[in-house]
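Residue numbers begin at 1 in each chain, while the letters A, B, ... track the order of the sequences. What you see is a predicted model, and the numbers here were worked out from it, not measured in a lab.
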Protein chains: 2
Amino acid sequence: VPPDPPRAGELERIRRLTAHLPPGRGVIVGPGDDAAIVRPEDGADLAITTDAFLEARHFRREWCREAPGLARLATAVGRRLAAANLSDLAAMAAAPRWAVLSVGARAESEEWLEEVERALAAKLAESGAALVGGNLARTDGPEWYSLTLVGSVVRGRAWARAGARDGDLIAVTGAPGRAAAFGKRAPEYWADPDAAGPLHALGESWCDPASRVNVAAALAALGAVTAAIDLSDGLHGNLAQLCEAGGVGAEIDAASFGEDALIAGSGPLEELRYGPSDDYELLITVDAARRAACADAARRAGAPLTFAGRITDRAGDLTLRRADGTRAALPGRGYDHFAAP
Amino acid sequence: VPPDPPRAGELERIRRLTAHLPPGRGVIVGPGDDAAIVRPEDGADLAITTDAFLEARHFRREWCREAPGLARLATAVGRRLAAANLSDLAAMAAAPRWAVLSVGARAESEEWLEEVERALAAKLAESGAALVGGNLARTDGPEWYSLTLVGSVVRGRAWARAGARDGDLIAVTGAPGRAAAFGKRAPEYWADPDAAGPLHALGESWCDPASRVNVAAALAALGAVTAAIDLSDGLHGNLAQLCEAGGVGAEIDAASFGEDALIAGSGPLEELRYGPSDDYELLITVDAARRAACADAARRAGAPLTFAGRITDRAGDLTLRRADGTRAALPGRGYDHFAAP
């Protein structure tokens, strides 16, 4: 049983990597001691989430044949891992504050890992969070990066999955399905990431998902959101979870999303848009009477917000209303959590 | 890029596994939403730490040939991972509160993983902490378990590595070196974990390291501790870090520890006791005038506390004073954080 590896070196490295970033809010002791010490605001609740990225599951270095591409992929891995966790906190109406990163890395990948960490810390800092500690272990297998993010939320005001009511409107940030579309074309993108065109734009959106922390804060201030969930399994899958938690159903208007030039050509549109896709967008339900106020808040926060349908009282029933008025079961059954990978 | 796997199933499982445990203090929303929501005490600081266990590094399933042994090994992995994180918080004088577990597991190891999680949650609960969330990803490589633990500490009163002063006494909980000793005999132990004798006792102490959270709280209440570090790299290695942080040196009295029947026969005593060993004990420095009070507090908290030497003003100098009065460099150079594994 060899003792645990480069912990101190790792903490020192995080300190170096984050030295140029803004000092974390409420950070009393950063990386370098047995634990970080932080100071929460009095009267606030805390939101805690954790998410991990694994080599060969969430990305493949083999996509890239050359060093510049590899460095960009490392940046994307760091920024996407931060985005995955930021999105969880946004879906609770929490403001990101402090994060710790636990890594299993191969001995030879020091440069790659530094780039992942640098990108992750920068993405967190853009949303007001600081990397305050971590752990580095050596592995001979696939690498993995696991981030835990703690945020601050007004006491008793965290959004929940449960709470949607018959007649509430369903709203979605961004353009769901783009991560799934990119997944089908990743090798093509990484073969020439600078090539112009829709695939380039799709790749850029995959490499750096927009943080929805600001729009969540703006919407939370309105008090009009009745339920919220992070879109990381896919629209169908996450909508089903929200409906199950609330004992309600949902009807999605296919026409509400319009065209998406970035995903055209990557596969059947409905499968991409409603099926498994880790987009890190927000799916919320809002009081129908507050639609205009929510739209306005999202616009001011700079986030595209699509009103995509409404909640019904038909528990568990997920329907798609097509442009021609016909109705069908919502396509894109979510990821089956109990199926073999 | 397949979407992230059994998250919801995992959260549901954690909920089931922890259903019989005491409800976590300050837990507003447990597993099952995008993030856990917890309520810290007003006026407290938070301590955040993370530590991971990796298959083939921290344990080997090949040690066990039969199912009963494997279940015990899973229990040990869960309890040791909890202990590693509890020890980090104890070394900051923090009270453990909330934890999230991130796992990379192979598809076939569901039973094993449940046992790891059950043991981990139980060990945390014994020290007042609750498992409030997690993430499960599939891997085809070595399994890994990464725990993040958040604790509560009196504002401004967290112990630091820095702070030891010339003349302070060095005190250590438990019997350092036992984890190293066990490491040399793990296959022998697991071949027959029920065999009586010192190896059995050594194995039991490896499988379930004592939590030092209570003794840390008792010592913190005295206000006599000047610096503290978790003993997870080995006495020499961690003492060197504490001395570096404080700009001091240290002299260890070899006679202070006495014999340890549990590690006799596992290797050279001084190498085991001072060298790399993940014991999850506490190494503290205390005001020499408060020795009796500290000894008394530790006794009442049920933790063995050895006064093992004293801090000197010879920065970076680590000396061993042997029973015959001769002095030598402290043996057991710590784990080299920058060396290849």
Side-chain angles (χ1 to χ4, degrees), chain A residues 1-6 8-9 28-29 33-40 42 45-52 54 57-58 88-89 91-92 98 100 102 104 107 132-135 137-139 141-142 144 146 148 158 160-161 183 186 229-230 232-234 241 276-278 335 337-338 340-341, chain B residues 1-6 8-9 28-29 33-40 42 45-52 54 57-58 88-89 91-92 98 100 102 104 107 132-135 137-139 141-142 144 146 148 158 160-161 183 186 229-230 232-234 241 276-278 335 337-338 340-341:
Chain A
V1 193
D4 218 358
I28 310 299
V29 177
D33 214 306
D34 293 295
I37 301 292
V38 301
R39 187 159 295 170
D42 279 350
D45 284 342
L46 297 174
I48 312 178
T49 189
T50 186
D51 220 325
L54 279 72
R57 274 202 68 85
H58 296 86
D88 281 329
L89 288 204
M92 303 301 282
W98 313 290
V100 290
S102 181
V132 297
N135 190 66
R138 289 259 180 265
T139 181
W144 52 270
S146 184
T148 299
R161 291 182 178 188
I229 192 168
D230 154 52
S232 56
D233 293 335
Q241 290 168 35
S277 186
D278 43 352
Y335 185 83
H337 296 295
F338 297 96
Chain B
V1 191
D4 219 356
I28 310 300
V29 178
D33 214 306
D34 294 295
I37 301 291
V38 301
R39 188 159 295 169
D42 279 349
D45 284 343
L46 297 173
I48 311 177
T49 187
T50 187
D51 220 326
L54 279 73
R57 275 203 68 86
H58 295 86
D88 281 327
L89 289 204
M92 304 300 284
W98 312 290
V100 290
S102 182
V132 297
N135 190 67
R138 289 259 179 266
T139 180
W144 51 270
S146 184
T148 299
R161 291 183 177 187
I229 192 168
D230 154 52
S232 57
D233 293 335
Q241 290 168 34
S277 187
D278 43 352
Y335 186 83
H337 297 294
F338 297 96

Please give me the minimum heavy-atom distance between [X] and [Y], naming the atom from each residue.
X       : Y        : result
A:Asp33 : B:Arg161 : OD2-N, 3.0 Å
A:Arg57 : B:Arg138 : CD-O, 3.0 Å
A:Leu54 : B:Thr139 : CD2-CB, 3.8 Å
B:Leu46 : A:Leu46  : CD1-CD1, 3.2 Å

- Query: Just by modelled atom types, is the A:Asn135 backbone N or O under 3.5 Å from a matching donor or acceptor in the B:Asp51 side chain?
  - Reply: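 A pair under 3.5 Å: no.
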
- Task: For the pair B:Asp230 (side chain) and A:Asp34 (backbone), establish whether a donor and an acceptor sit closer than 3.5 Å, ignoring hydrogens and angles.
- Result: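 Not a single qualifying donor-acceptor pair exists.
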
- Residues in side chain to side chain donor-acceptor pair (under 3.5 Å) contact with B:Ser102, at least two apart in sequence or another chain: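 If we apply the side chain to side chain donor-acceptor pair (under 3.5 Å) test to B:Ser102, skipping adjacent residues, the hits are A:Ser146.
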
Among the options [options], pick out the one with the most heavy-atom pairs lying under 4.5 Å from chain A.
options                      : answer
B:Gly234, B:Pro142, B:Ala36  : B:Ala36
B:Pro40, B:Gly141, B:Ala91   : B:Pro40
B:Ala160, B:Ala158, B:Gly104 : B:Ala160

- Query: Hey, does B:Ile48 have a side-chain heavy atom less than 4.5 Å from the side chain of A:Trp98?
  - Reply: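 Answer yes - side chains close enough.
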
- Task: Sequence neighbours left out, what passes side chain to side chain contact (heavy atoms under 4.5 Å, CB included) with B:Ala47? Give chain and number order.
- Result: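 For B:Ala47 the side chain to side chain contact (heavy atoms under 4.5 Å, CB included) partners, ignoring immediate neighbours, are A:Ala35, A:Ile37, B:Leu89, B:Ala94.
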
